[in-house]
Amino acid sequence: MLDQPLSPRSAREWLTTLARYRDPSTPRSLFELAVTLLPLTAIWALAWAALSVSPWLALILAAANGLFLVRIFIIQHDCGHGSFLKNRRAQDWVGRSLGVLTLTPYAVWKRTHAIHHAYHGNLDQRGIGDVMTLTIDEYRARSGFGRFMYRLYRHPMVLFVLGPSYLFILQNRLPLGLMGQRQYWMSAMGTNAAIAVLVALIVWAGGWLPVLLVFLPTVVVAATIGVWLFYVQHQFEETHWSRAEDWQIHDAALEGSSHYVLPQPLRWLTGNIGIHHVHHLYSRIPFYRLGEVIRDHRELAEAQRLTIRESLSAVRLHLWDDPQGKLISFAEARARYGIA
């Protein structure tokens, strides 16, 4: 039966309830890993074999396989939160290994993502693990060139076409944001070395075509989907931002993350990550239990709902408007505040 409280609970009050969902099941986790990794490998092999029939067929198969690579990333993501396996050491090695497929150094990502969770919604602690978002005043204070560069950064072609490939293929090769710490260099360089070995084996076995038409298209599609999901999980009109003196971590987690409502096949392929408000409020819940939460608690099922159609309009949101407490477009900023 769905829980229907008489009065809404505060974000902090939800923690005790959500703690009931936090324990992972090792058999279930291993099953989820198998039913994701095996199809990913099989479709890669099928795409490779299709190269001898039609490069376009191989490319289509590889691109479609990007959805399974997204799910692999979600499993790596849960490893980073300590919510995938009860054995922490085994969990970290699963995360490191999957990082070779996702081109994401596990320890580096784990740390930067923890910073994202720790400070999400805090206007005074932006910079690591976020989509860069300026306030109206910050944008107004920039030079003409500074405004141009921010507009360029927020352009859909940069955010969703060029940006994802740059982030996963190039930027992830260095521990940016953590450059002064040896353990993160080891994570980045170790992942880079493993990726180099994987690519070398592919080239040795089949030349460069499998790399260019099978391996890379899967990565690029997965990266693009992943960046889009991350964007709409936090960049919606009524999201939550506040200054440090007014910021409260649980309120920011629940109110600053969306519930991205997807059809069931896409929910499965994206590892329920669209139920992001629950994930941010209690990140130790395994991805495969997030669906249970919104089935059991109607209040959470209805909070911050964002449909696919509604999410498309989020692309037009660019600046945080402190007085209104919401994200607005450049056009609205110009009409309301006279800034171009």
Side-chain angles (χ1 to χ4, degrees), residues 11 112-113 115-164 166-167 171 176-177 223-261 273-274 276-277 280 303-340:
T112 57
H113 193 64
I115 293 171
H116 163 70
H117 270 259
Y119 296 109
H120 170 62
N122 188 328
L123 286 169
D124 297 315
Q125 293 288 344
R126 286 166 288 166
I128 294 181
D130 297 315
V131 175
M132 182 169 62
T133 306
L134 296 182
T135 67
I136 293 292
D137 289 340
E138 289 166 344
Y139 181 72
R140 181 187 283 119
R142 284 197 165 197
S143 65
F145 180 72
R147 293 182 188 182
F148 168 77
M149 291 304 294
Y150 181 69
R151 282 177 169 272
L152 183 63
Y153 170 82
R154 298 287 300 207
H155 193 282
M157 182 61 68
V158 173
L159 276 178
F160 308 119
V161 179
L162 302 177
Y166 167 78
L167 173 62
Q171 182 175 309
L176 297 181
T224 302
I225 294 171
V227 168
W228 170 257
L229 288 171
F230 185 78
Y231 181 88
V232 299
Q233 285 157 6
H234 302 295
Q235 299 280 317
F236 54 100
E237 187 175 14
E238 302 296 337
T239 190
H240 180 104
W241 288 90
S242 57
R243 292 292 175 185
E245 61 268 21
D246 301 316
W247 179 78
Q248 205 284 330
I249 187 171
H250 303 110
D251 292 339
L254 181 60
E255 298 170 17
S257 307
S258 67
H259 173 198
Y260 197 28
V261 183
I273 200 62
H276 210 64
H277 59 322
H280 252 267
Q304 280 82 259
R305 286 174 64 89
L306 187 70
T307 66
I308 293 176
R309 176 177 293 182
E310 289 167 340
S311 72
L312 297 177
S313 65
V315 176
R316 299 196 298 270
L317 302 174
H318 310 107
L319 296 163
W320 177 252
D321 186 337
D322 264 326
Q324 295 192 87
K326 66 177 185 177
L327 284 172
I328 65 173
S329 66
F330 289 127
E332 186 175 348
R334 182 168 56 250
R336 180 176 288 269
Y337 300 106
I339 54 176

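Atoms considered below: every heavy atom in the structure, side chains included; atoms not considered: hydrogens, waters and symmetry mates. Quantities reported herein were computed from a predicted structural model and do not represent experimental measurements. Numbering of residues begins at 1 and proceeds along the displayed sequence.
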Asker: So, taking the atom named CH2 in Trp320 and the one named NZ in Lys326, what distance separates them when rounded to the nearest 0.5 Å?
Answerer: 10.0 Å
Asker: On the 0 to 90° scale, with breaks at 30° and 60°, tag the Trp228-Tyr231 ring pair as parallel, tilted or perpendicular.
Answerer: parallel
Asker: Can you confirm whether more than 12 heavy atoms, excluding those of Tyr153, are under 6.0 Å from its OH atom?
Answerer: yes
Asker: So which atom in Leu306 and which in Glu310 form the shortest heavy-atom distance, rounded to 0.1 Å?
Answerer: CA-OE1, 3.5 Å
Asker: Do the rings of His117 and His113 sit parallel, tilted or perpendicular, given the 30° and 60° boundaries?
Answerer: perpendicular
Asker: Ignoring hydrogens and geometry, is there a side-chain-to-backbone donor-acceptor pair from Thr239 to Phe236 under 3.5 Å?
Answerer: no
Asker: Between His280 and Leu254, does a side-chain contact (heavy atoms from CB on, under 4.5 Å) hold up when you go through it step by step?
Answerer: CA-CA 7 Å; His280 252 267; Leu254 181 60; over 6 Å; no
Asker: Side-chain contact test, heavy atoms from C-beta onward, threshold under 4.5 Å: evaluate it for Val158 versus Tyr166 and give yes or no.
Answerer: no
Asker: Of all the heavy-atom pairs spanning Gly129 and Phe230, show the shortest one and how long it is.
Answerer: O-CZ, 3.1 Å
Asker: Is the distance between the ring centroids of His276 and His120 less than 6.0 Å?
Answerer: no
Asker: Any chance you could measure Leu123, atom CG, to Glu245, atom CD, to the nearest 0.5 Å?
Answerer: 9.5 Å
Asker: Would you find more than 12 non-hydrogen atoms of other residues, nucleotides or ligands less than 6.0 Å from Met132 atom CE?
Answerer: yes
Asker: If you measure from NE2 on His259 to CD on Gln304, what distance do you get to the nearest 0.5 Å?
Answerer: 10.0 Å
Asker: Could you check Arg154, His234, Arg126 and say which one makes a side-chain hydrogen bond (donor to acceptor under 3.5 Å, both in side chains) with Thr133?
Answerer: Arg154
Asker: Over all heavy atoms of both residues, which pair between His250 and Ala11 is shortest? Give the atoms and the distance, please.
Answerer: O-CB, 3.3 Å
Asker: Find the distance between CD1 (Ile136) and CD1 (Ile328) and round it off to the nearest 0.5 Å.
Answerer: 3.5 Å
Asker: Determine the interplanar angle of the Tyr139 and Phe330 rings, folded into 0 to 90°, and report it as parallel if under 30°, tilted if 30 to 60°, perpendicular if over 60°.
Answerer: tilted
Asker: Taking atom NE2 of His318 and atom CG of Leu159, what is their separation to the nearest 0.5 Å?
Answerer: 8.5 Å
Asker: Apply side-chain contact (heavy atoms from CB on, under 4.5 Å) to the pair Thr135 and Arg243, showing each step before the final yes or no.
Answerer: CA-CA 11 Å; Thr135 67; Arg243 292 292 175 185; 4.1 Å; yes
Asker: So, taking the atom named CD in Glu237 and the one named OG in Ser329, what distance separates them when rounded to the nearest 0.5 Å?
Answerer: 9.5 Å
Asker: Are Val261 and Arg305 close enough that some pair of their side-chain heavy atoms sits under 4.5 Å apart?
Answerer: yes
Asker: Could you tell me whether Arg147 atom CZ has more than 12 heavy atoms of other residues or ligands within 6.0 Å of it?
Answerer: yes
Asker: Flag the pair Val315 / Phe160 as yes when at least one side-chain heavy-atom distance between them is below 4.5 Å, and no otherwise.
Answerer: yes
Asker: Ignoring hydrogens, what is the shortest heavy-atom contact between Asp124 and Ala244? Give both atom names and the distance.
Answerer: OD2-N, 2.8 Å
Asker: In chain order, what residues pass the side-chain contact (heavy atoms from CB on, under 4.5 Å) check against Glu255, with sequence neighbours excluded?
Answerer: His240, Asp251
Asker: What are the two closest non-hydrogen atoms of Ala314 and Gln235, and how far apart are they?
Answerer: CB-O, 3.2 Å
Asker: For residues 333-340, dump all side-chain donor-acceptor pairs below 3.5 Å to protein atoms at least two apart in sequence or in another chain.
Answerer:
unit_1, atom_1, unit_2, atom_2, d
Arg336, NH2, Gln324, OE1, 3.4
Tyr337, OH, Asp321, OD1, 2.9
Tyr337, OH, Asp321, OD2, 2.8

